[in-house]
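Contents: one structure, followed by commentary.
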Amino acid sequence: MDKLENYRQIIRNVLLPYTKITYANVPVRNIAVFDDEHGQYLIMSDGWDGVRHLHGCLIHIEIIGNHLWVQRDGTEDGITDELVASGIPKQDIVLGFQEPAVRKYTGYGVA
């Protein structure tokens, strides 16, 4: 299996459990949105609180070149530790939500 296909499988395996999360105080469900062709992997939250529509992105990972860009991480513990524990080297993960000048100090990749 080539490197990027392996990364795609790891991302799917790491993100899918987030669709099973239930919240005690927020009436939303989490939905996986995966687009292998364009390298987009999202966990979207959607629901209603009375008449208020709740809709947002919990996690967004994008494959750009040979790197995984974590564009959004709304988890408590951070998704990158799970990606690293699953076999993706830190240098192949870019924290896209961090300011570009700060990324070199994160211990993760820069691109």
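Everything quoted here is computed from the prediction, not taken from an experiment. Along the sequence shown, the residues carry numbers beginning at 1.
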Measure from the side-chain N and O atoms of N30 to the backbone N and O of I43, and report whether any donor-acceptor pair falls under 3.5 Å.
no
So, R12 side chain and F34 main chain: donor-acceptor pair closer than 3.5 Å or not?
no
Atom CG in L83, atom OH in Y7: separation rounded to 0.5 Å?
10.5 Å
For G47 and V28, which heavy atoms make the closest approach, and how far apart are they?
N-CG1, 3.9 Å
Please say yes or no: joined through hydrophobic side-chain contacts below 4.5 Å, possibly via intermediate residues, are Y18 and F97 part of one cluster?
yes
For the side chain of D49 and the backbone of R52, is there at least one donor-acceptor N/O pair under 3.5 Å apart?
no
Which pair of non-hydrogen atoms, one from V110 and one from H67, has the smallest distance, and what is that distance?
O-NE2, 4.4 Å
Would you say W48 and L54 are hydrophobically clustered, going by side-chain heavy atoms of ILVMFWY under 4.5 Å?
no
Do D92 and K3 make a side-chain contact, defined as non-hydrogen atoms from C-beta onward lying under 4.5 Å apart?
yes
Flag yes if L95 and Y105 sit in one hydrophobic cluster, no otherwise; membership is Ile, Leu, Val, Met, Phe, Trp, Tyr, and two members link when side-chain heavy atoms are under 4.5 Å apart.
no
I need the I63 CD1 to D35 CG distance, nearest 0.5 Å.
10.0 Å
Under 3.5 Å, is there a donor on one side chain and an acceptor on the other for D73 and T75?
yes
Could you grab the distance from atom OG1 of T106 to atom NZ of K90, nearest 0.5 Å is fine?
8.0 Å
So, the side chain of R103 versus the backbone of Q98: is there a donor-acceptor pair under 3.5 Å, distance only?
yes
Are the side chains of L68 and Y108 in touch, meaning some heavy atoms are under 4.5 Å apart?
no
Rounding to 0.5 Å, atoms CD1 (I93) and OG1 (T80) come to a distance of 6.0 Å
Report yes or no: do I10 and L42 belong to one cluster of Ile/Leu/Val/Met/Phe/Trp/Tyr joined by side chain heavy-atom distances under 4.5 Å?
no
Once you round to the nearest 0.5 Å, how far does NE2 of H60 lie from CG of L15?
10.5 Å
According to a hydrophobic-cluster definition based on side-chain heavy atoms being under 4.5 Å apart (Ile, Leu, Val, Met, Phe, Trp, Tyr only), do I79 and V33 belong together?
no
Compare all side-chain heavy atoms of I59 with those of Y41 and state whether any distance is below 4.5 angstrom.
no
Nearest-0.5 Å distance that lies between atom CD1 in I11 and atom CD in Q9
10.0 Å
Nearest heavy atoms of L4 and G65, plus distance in Å
CD1-O, 3.7 Å
Given side chains that start at C-beta, do those of R29 and D46 come closer than 4.5 Å, heavy atoms only?
yes
Taking ILVMFWY side chains as joined if any heavy atoms are under 4.5 angstrom apart, and letting links pass through other members, which residues group with I64?
W69, V94
